[in-house]
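Since the model is a prediction, treat every value here as computed from it, not as a measurement. In what follows, every chain begins at residue 1, and chains take the letters A, B, ... in the order their sequences are listed.
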Protein chains: 2
Amino acid sequence: MEFLCAKCQKTYPIGGLQYKCECGGLFSLKKAPGERVPITVSLGETVTPIIKRRFGGVEVNLKLDYFMPTGSFKDRGAFILINAIKAAGITEVVEDSSGNAGASIAGYSAAAGIKCNIYIPESTSPGKIKQLSAYKANVVKVPGSRDDTARAILEAAKATYYASHVYNPLFFEGTKSIAYEIYEQVGIPDYVVSPVGNGTMLLGLYLGFKELGKLPRLLAVQSANCAPVYRKFHGLAPAPAGSTVAEGIAVPTPMRMDEILAAIRETDGDIITVTDDEVAAAHEQLGAMGIYAEATASAVVAGVQRYFKPEEADGLNIVVPLTGTGLKK
Amino acid sequence: MEFLCAKCQKTYPIGGLQYKCECGGLFSLKKAPGERVPITVSLGETVTPIIKRRFGGVEVNLKLDYFMPTGSFKDRGAFILINAIKAAGITEVVEDSSGNAGASIAGYSAAAGIKCNIYIPESTSPGKIKQLSAYKANVVKVPGSRDDTARAILEAAKATYYASHVYNPLFFEGTKSIAYEIYEQVGIPDYVVSPVGNGTMLLGLYLGFKELGKLPRLLAVQSANCAPVYRKFHGLAPAPAGSTVAEGIAVPTPMRMDEILAAIRETDGDIITVTDDEVAAAHEQLGAMGIYAEATASAVVAGVQRYFKPEEADGLNIVVPLTGTGLKK
């Protein structure tokens, strides 16, 4: 198992300090046929449930992908990444997310006995740090802006393994398990509706269904306030990013933009935006049904109602994963 | 299916306003052979995972019983209770818990389209109300003490169905499903370590294993600061209850005390207390392993370390359910 530069085809060991190629290209994972990550660390991963619900007259298969050890689908990525690097002898990692990805990396690092350092902007709310602290992660508060945190993590990554949910292809190797579960639960859907920030879910869905040999259409959803993938897909000029209630997908410069665009196109999919009002309304709708998801997760439910007309959606197998629990913070 | 007074054997319909017998006795559930609650409402219940971990040299089967729709094992009770009363035509309920039981009743009521009113002391922290509000429960803040809230709920229960996690035997009919899962996952254990406040988990375990025909020893755990069942079991004089970090089991006057005592005795079990320091230490231990449980849930992990000597516990099948997620509040 190696990292493979998608640009120049150079390979690197999965346990090394290189988090991207010296040519600047991003890594994908190169595996021999049948090769698997050896699993020695588990926090009780289960198959997450699917329940049928109607939104705006459109019936969907809601996949509650926060029935997870740390409360979000990001555990899929951390599960595989941490198991793989533990096998490679890694004993300490750095990561830069105060959200779901950080909690997942911190939780699985704790389970694996790997020292975990999470870099976050100094301005991060105490509520977000609570779960990281429970997992005994070393929380490094970086003064200044988000860009300062980005600079600090890349500096730290020169000396310590970067367990990144964006750069590290082992994370996507993990998130692809959602496709296998969906296939076992409801077959190959007509559509899977995926939130898109850095693309951890969308690329996981793509990779998994690609392996399964049949691709559902991927309907990507971004926030209207931060929609770089949407704009590029539809040939619109870039626009400055604003804040949004869907903060988990507020990524102004997705590193894997090209892969995300290619995945949507290859599946004959589409990408849309939803407003904060629509996200908030979807969040309320879910709660009123007894489903307590995070605001970001609700964006896909807003997307369903914006994209599908009930009369056209009749009979379609539409899977809508909810990415995180509403209990955090 | 009827309510049966355990004291005078009088029966009542499950959809009526009587939450206890006119003789003062508490209800158990009377079912014909093979009779089941019809299920029409689901929030994606799964079999919760079991992972092996060692505490103080004692290996146990940790059952992560918060991989649940609203984040705690109380969903087992609400799932059956709400399904049963929906089938009986109930359209509105009252309940008096701002904790896990309240969230479960509110979540399943929302899923069932049943109006839900949760009575809580005015002093309840806003964090506890957030999840109830997400489920659109009507939160009734009662001025004064906890006793005032208790009086208010009993007054309200004269006019509206009381979906109580203490009085209503349908709730225990639900929590007993944990025994069936444990049996399928690890067989009949030697011990199950159960927190005890009102006894919703312990009595569920007892009822379930009783149906399965073989009882594990039930090791009950209470907080040293609030241990009425412990004191009665061991023949100690009652003592005033203090506050504890294990607030979910801080019940000074458990209504089903006699049933709890009988269950522990019948299983040749035992009951111990743990201090707040021990609970806090267990909570830290769990977090350091990547397991983020609520403080109350950690009491059983403290109990394991107090009760079992590693050399004597070797080879014992000890199941330790963790009742709630650390993400709440």
Side-chain angles (χ1 to χ4, degrees), chain A residues 41-53 62-72 75 78-79 82 103-114 116 127 130-137 283-295 322 324-329, chain B residues 41-53 62-72 75 78-79 82 103-114 116 127 130-137 283-295 322 324-329:
Chain A
V41 179
S42 166
L43 284 173
E45 305 72 26
T46 57
V47 172
T48 62
I50 282 182
I51 57 177
K52 283 192 189 297
R53 291 294 186 274
L62 269 189
K63 185 159 174 67
L64 309 177
D65 222 33
Y66 50 84
F67 280 52
M68 285 278 175
T70 81
S72 87
D75 286 343
F79 172 61
I82 295 295
S104 292
I105 293 292
Y108 277 91
S109 293
I114 289 173
C116 179
K130 202 181 151 205
Q131 190 180 10
L132 299 174
S133 301
Y135 297 138
K136 310 297 175 200
H283 191 236
E284 295 278 312
Q285 272 177 294
L286 286 166
M289 292 175 168
I291 300 163
Y292 193 29
E294 63 182 357
L322 298 183
T325 176
L327 292 174
K328 292 199 183 189
K329 282 184 294 179
Chain B
V41 178
S42 166
L43 284 173
E45 306 72 27
T46 58
V47 173
T48 62
I50 282 184
I51 56 179
K52 283 192 189 297
R53 290 295 185 274
L62 269 189
K63 186 160 172 69
L64 309 177
D65 223 32
Y66 51 84
F67 279 52
M68 284 277 174
T70 81
S72 87
D75 286 344
F79 172 61
I82 295 295
S104 293
I105 293 291
Y108 277 91
S109 292
I114 289 173
C116 179
K130 204 182 150 203
Q131 189 180 10
L132 299 173
S133 301
Y135 298 137
K136 311 296 174 200
H283 191 235
E284 294 279 312
Q285 273 177 294
L286 287 166
M289 294 175 167
I291 300 164
Y292 194 30
E294 63 181 359
L322 298 183
T325 176
L327 292 173
K328 292 199 182 188
K329 281 185 291 177

Worksheet item: Hey, which of A/Ile51, A/Thr46, A/Leu43, A/Leu286 has the most heavy atom pairs under 4.5 Å with chain B?
Response: A/Leu43
Response to the item:
The interface call for A/Thr325 against chain B, heavy-atom contacts under 4.5 Å, is side chain
Fill in: Under 4.5 Å from any heavy atom of chain B - which part of A/Ile291
both
Worksheet item: How many angstroms lie between atom CZ of B/Phe67 and atom CE of A/Met68, to the nearest 0.5 angstrom?
Response: 8.5 Å
Item to complete: May I ask you to name which of B/Ala137, B/Ala288, B/Gly113, B/Ser42 has the most heavy-atom pairs under 4.5 Å with chain A?
Response: B/Ala288
Item to complete: Give the member of A/Ala111, A/Ser109, A/Gly44 that has the highest number of heavy-atom pairs under 4.5 Å with chain B.
Response: A/Gly44
Worksheet entry | For the student: nearest non-hydrogen atoms of A/Lys328 and B/Lys130, plus distance | O-NZ, 4.2 Å
Worksheet entry | Partner chain B: residue of A/Tyr66, A/Tyr292, A/Tyr108 with the largest heavy-atom pair count (under 4.5 Å) | A/Tyr292
Worksheet entry | For the student: nearest non-hydrogen atoms of A/Gly287 and B/Ala110, plus distance | O-CB, 4.0 Å
Worksheet, complete the sentence: Rounded to the nearest 0.5 angstrom, the CE-NZ distance for B/Met289 and A/Lys136 is 12.0 Å
Worksheet item: A/Val41 versus chain B, heavy atoms under 4.5 Å apart: side chain, backbone, both or neither?
Response: neither
